[in-house]
Protein chains: 2
Amino acid sequence: MIRRYVYGQPWPSFSCVQEICPEAEPMPYFHVQQAEKGLTFTTKLEKDEAIYGLGENVRGINKRGFVYRSYAVDDAPETESKSALYASHNFLVIKGGKRCFGVFFDDPSLFEFDLGFTDPEEATMTSRYGKLNVYLIENRSVIAVAKEFRQLTGRSYIPPKWAFGYIQSRFGDCSEEEINRTLDEYRKLGLPIDSFCLDIDCLDEYQNFTWNPVTFPNPEQFVREKQEEGIHLIPIVDAAIRKDDANEDYRRGKEKDVFCKGPGGEEFAAYVWPGLCAFPDYFQEKTRKWLGDRLQRYLRMGISGFWSDMNEPSVFAGQGGFRRAAELASATDENYSFLGFGRMMGIGQLLYDEKSDGKNFCHRIDDELAENPEVHNLYGGMMAFGMDEGFRMYNPDERFLLFSRSSCIGSHRVSGVWLGDNHSWWSHLLMNLKMMPSMNLCGYLFAGADIGGFNGDTTDELMLRWLELGIFFPLMRNHSCWGTRKQELYRFRYSEKMAKIVQIRYSLIPYLYSEFMKAALRDECMYRPLAFDYPDDPRAAGIEDQLLLGQECMIAPVYEQNAKGRMVYLPEDMLMIRMSSPDSMEEICLARGDHYIALETEQLAFFIRKNRAIPFAAPADKVKNIEESSIRMIGWLQEEYGYEYYNDDGISRQISQDNLKIIPCKP
Amino acid sequence: MIRRYVYGQPWPSFSCVQEICPEAEPMPYFHVQQAEKGLTFTTKLEKDEAIYGLGENVRGINKRGFVYRSYAVDDAPETESKSALYASHNFLVIKGGKRCFGVFFDDPSLFEFDLGFTDPEEATMTSRYGKLNVYLIENRSVIAVAKEFRQLTGRSYIPPKWAFGYIQSRFGDCSEEEINRTLDEYRKLGLPIDSFCLDIDCLDEYQNFTWNPVTFPNPEQFVREKQEEGIHLIPIVDAAIRKDDANEDYRRGKEKDVFCKGPGGEEFAAYVWPGLCAFPDYFQEKTRKWLGDRLQRYLRMGISGFWSDMNEPSVFAGQGGFRRAAELASATDENYSFLGFGRMMGIGQLLYDEKSDGKNFCHRIDDELAENPEVHNLYGGMMAFGMDEGFRMYNPDERFLLFSRSSCIGSHRVSGVWLGDNHSWWSHLLMNLKMMPSMNLCGYLFAGADIGGFNGDTTDELMLRWLELGIFFPLMRNHSCWGTRKQELYRFRYSEKMAKIVQIRYSLIPYLYSEFMKAALRDECMYRPLAFDYPDDPRAAGIEDQLLLGQECMIAPVYEQNAKGRMVYLPEDMLMIRMSSPDSMEEICLARGDHYIALETEQLAFFIRKNRAIPFAAPADKVKNIEESSIRMIGWLQEEYGYEYYNDDGISRQISQDNLKIIPCKP
């Protein structure tokens, strides 16, 4: 059952699709009071209670024991010191022996979660402005609560099927030539690929909706050629627009009055990648229309996928910021002290000040002006709505690919996400795994991390192990940052091993797509910690390095340098599938309990739950070339069992029950 | 067998105590050649070969698969991106089925280890200047190689026994009053303690050899009072000295010509904590004498322990650095671009430039002038030698406590270390464990990390779990940084649980001290990965979250948030000891293999190897109050077995065989 409680006068919300009448009674479980920092919601925690949710954040699947913050920021690296990442997802589930409920704090501004940090036996949530809707969902299990929450907030975004293919990406060195070279090398390796992401170096001076004239001299022709080869190009769209009358998109926006302004009508401007920028006010319909219009030239070229970035929004510096920094630096004289040093080192902090530099950063919502901090966390989501409206304007019947860095609850209906600008760290491989069920709980099914790590230098072994995890997630992108070791797979000593792992991905796509679609259509979580499915198994509650995938599988990647295997806990009898290529499959029945699984660097394992089986196709070089006729079932094969297989044309928005069929699992 | 190979004309070395005649033949195993980056040493790696060593560094116990660098830096945080930390320890052991050898690159300057990073099957070491001694040690096992290496480089530093007690520390908020309050609170909790570290906030404007007049108004009296209570105060000594004629220590140094100078005789000066500083040239005997002289006033007050910091050496800014930064900041005008932003953010990088700001940073070695980069990695170690000479000047017969941030091979004979400025991260708790055997291999037995984490905010659970590991390491210090959550143990909700864990420490000290002393006297490693002791067990090779402690024990801490237990691999039958206080002991015999060990937050477990037992004393409030008569044996008790127990007065440098006795282990 879902109950709604209203505090203060909330801004209109875009998060829910169900209208729930507010309760008059006080909310159970929580003690609510106005405190200095804001409106607080406090609940005592039982010793056995776990806390799940919060979408994109650091630390464990069970979030208990630390303090988290919803205020979208662009602030790598994602270390254990961080409390806030690129998105804000204010939904959590508290689950213990006595209580099981979800609570969604529908608050677009700064919101803090002290989940047993100050006091290990208490959780306190604080809303800075105290203007919010709170939805309380009580049900018998985490899974049931999650389903109700999805029904409240709407069906998860569904991308085109080709988006399940391998995506190559690189910030800094991309060009027509590089893409062709990579395709050549991948062809030689037999490494399947469907798409390339184009980062801001592919733009003209980092400006949205342009092409870099040096590296992409013939974009129309190049896009068409790649399309003929079956390769999708996925351009980037950043949040801000260069404030420059020579820029047509900016001029149009100014004509249509789409940019954020202050109370006196002055346009807000701040520095980001392209220089001094205006920030489209995506809260307004006309702005979203302006954005959608901008996409039409891409769509007409045949492009059908985008990624959107810098939409927390990220601001490098305000107009006053440089002046302040310069003044500070000049004022430092020979009378040096440690404090002077500290100030100099902290110059980065001076470059943008929300109060002074951001005083004109306002949004117009229903004819009211909201300062950005009041609705900050929705910005990326509102931009996603604008992208989606642009897609529908072009073709209302087909799906388009969209994944975003910032996000909020609500925009999960129109967009996927990648899990932020991670590092080439083993700990981030594991963090990638831990984030997935939290993202699913908050509605984001189409998600994945930058495989191999975005920042920092990856290694052959880390890349290979990360691929062995990444092939199991819907968004499978290898992306890395300018200045780091290049990580196109052909560049590695282990490139042949890597190619075989990507081949396994393509063999698994029939299953992954089927489970993804069923989870989306049925409002379920595709990735779950063991605790969700085995609530009565106390061991399952502590397992944070394995995940259930769909209804049939469990994954358990290796995430340690030089490891030649790992311990895996089986909450029931399972069939282990160990492989290093689609045709090297080894199957071993394992009993419930702990097992050491030997895994050479090029080997991965996954586990099929008792009496289940999954479809597995012959390898293909592209998603569209996966032959349905090549599918065979692997797992516990027996007469009486069938796998509920979903497939469709991969592109229509229209979803039909006819797309479901039962595949028998005869031995 | 140890063989020595000489390349170029090395600087005089302080690392070895044995004189080995150089070989004329080329060194086996390695292909040596002059390359652009320096002199390279390359060896092919067999698939099964592990690489151990490198002392203080990030990543695994097995270092294979990444690139590491010896060039001591003050550069927190210790993430997986880092290749160099505060120290440099150029000893590694390559161990596989076919080869087992150690190699020590005795090079005081920039040295790089590419251990399967560029090519997973190759290791390449690069000496920037190509002036070095290389020692090759071939033997049957890692343990045997390690012993030979210690014999080459000399007996490990032995502190006074009181240094095994619990040490409280805090940077930023320390005062006579705070220390008294903490002692009061600890007394109420029954929390044993022996010492307090005093950080630079206890100094007068961060100047060495002073007292903060506000927070330590009566230092002589305070030191005496604490001494009467059995509490040791451990002042800090930083590397550099404020360049100020009002500073007597500086004046004396100038008179005696002890500071680093350039080729033209100009004194080197750069900014550190106390402002513009001179850097003592600890390579010169007269400088070490000057340092030793400075210590005498502390020693006469009754102080008998120090920690030394900032001795990489850390330099915040050069004299030209501020000017460059100020100019850059002022030059940035409204024609802003991303590159301008990047430059502004990178201002910190401009503040010290080794070439221009460091041009006078030279050391005098045997009447030759060495630029700091050529012998950079020895600076911290040479300072430690100076401290040690000062101790011996005061009292040649007694041991003094010294632990340092920077270190090198050689100074392990006169100093311990703490493992750098870590963070309050679960991953650093585990890193702490992984560093210990690498430190031991390189000669550092007296070591430990800042428990609870230095930077960042700790939590009740992290602090408690970290104590559960920290009690097993020789240096047991709780230390944290200004601006982070205060972490004196009485401040936590779990303070009573924490007090009981510290009590266990004191019960274990007879064992820990005995094993420490035997390891020091016999040139052995006190902490070892399972791979060292069970070389024929392939599972043991992969275990990097458990350690063997001494000859009897294995430790396996919990290092995950919210975990209520962990998997432990037993390479042989062992007796598990699970406890949450000295009198809550539970003993369970476990067979070789994998076991899930349930451990509530307040419970730790350790494991006693088959047919062994360890001494365990009744709790005491201070090391000196541990009653030998209260010792009982715990473990596999049987008539035919005895534990070889070492104990002494804890203070004399004179070590006697009479300090060893066999304690019977009768049931």
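Residue numbers start from 1 in every chain, and the chains themselves are labelled A, B, ... in the order their sequence lines are given, proteins ahead of strands.
For chain A, the nearby parts of B/R64 are the backbone and the side chain; heavy atoms of each come within less than 4.5 Å. Of the atoms belonging to B/R566, not a single heavy atom falls under 4.5 Å from chain A. Neither the backbone nor the side chain of B/N455 has a heavy atom closer than 4.5 Å to any heavy atom of chain A. Heavy-atom distances place the backbone of B/T458, and not its side chain, under 4.5 Å from chain A. Using a 4.5 Å cut-off between heavy atoms, A/K82 makes no contact with chain B at all. Of the two parts of B/E600, only the side chain, counted from C-beta on, holds a non-hydrogen atom closer than 4.5 Å to a non-hydrogen atom of chain A.
How far CG of A/L54 is from CZ of A/R69: 13.0 Å, rounded to the nearest 0.5 Å.
Of the residues listed (B/W273, B/Y206, B/Y271), the one engaging B/F316 in a ring-ring contact (aromatic ring centres under 6.0 Å, His included) is B/W273, and it is the only one.
Among A/N562, A/D594, A/T459, A/D460, the residue making the largest number of heavy-atom pairs under 4.5 Å with chain B is A/N562. In terms of non-hydrogen atom pairs under 4.5 Å with chain A, the most contact-rich of B/E544, B/R493, B/H595 is B/R493. In terms of heavy-atom pairs under 4.5 Å with chain B, the best-connected choice from A/S427, A/S424, A/A563 is A/S427. Options B/H423, B/R485, B/E461 differ in how many heavy-atom pairs under 4.5 Å they form with chain A, and the most are formed by B/R485. Ranked by heavy-atom pairs under 4.5 Å with chain A, the first of B/E560, B/R539, B/E121, B/H428 is B/R539. The choice from A/Y596, A/W425, A/F66, A/F492 that makes the most heavy-atom pairs within less than 4.5 Å of chain B is A/W425.
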Kindly indicate, with the supporting measurements, whether the criterion side-chain contact (heavy atoms from CB on, under 4.5 Å) is fulfilled by B/V568 and B/L590. CA-CA 11 Å; B/V568 176; B/L590 295 173; over 6 Å; no

Verdict with reasoning, B/V67 to A/D457, per side-chain contact (heavy atoms from CB on, under 4.5 Å): CA-CA 10 Å; B/V67 60; A/D457 291 329; over 6 Å; no

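No donor-acceptor pair under 3.5 Å is formed between the side chain of A/R592 and the backbone N or O of A/L570. Formation of a donor-acceptor pair under 3.5 Å by the A/D201 side chain with backbone atoms of A/F171 is not found in this model. Side chain of B/E205 to main chain of B/G275: no donor-acceptor pair is present (N/O by atom type, distance under 3.5 Å, no hydrogens or angles). For the pair B/K63 (side chain) and B/V58 (backbone), a donor-acceptor distance under 3.5 Å is present. Of the possible donor and acceptor atoms, none in the side chain of A/D48 sits under 3.5 Å from a partner among the backbone N and O of A/G96.
Using a 4.5 Å heavy-atom cut-off against chain A, the contacting residues of residues 113-120 of chain B are B/F117, B/T118, B/D119, B/P120.
Here the shortest heavy-atom pairing between A/Y569 and A/D537 reads OH-OD2, 2.6 Å.
For the pair B/D238 and B/I200, the minimum side-chain heavy-atom distance is below 4.5 Å.
Residues satisfying the ring-ring contact (aromatic ring centres under 6.0 Å, His included) test with A/W426, not counting sequence neighbours, are none.
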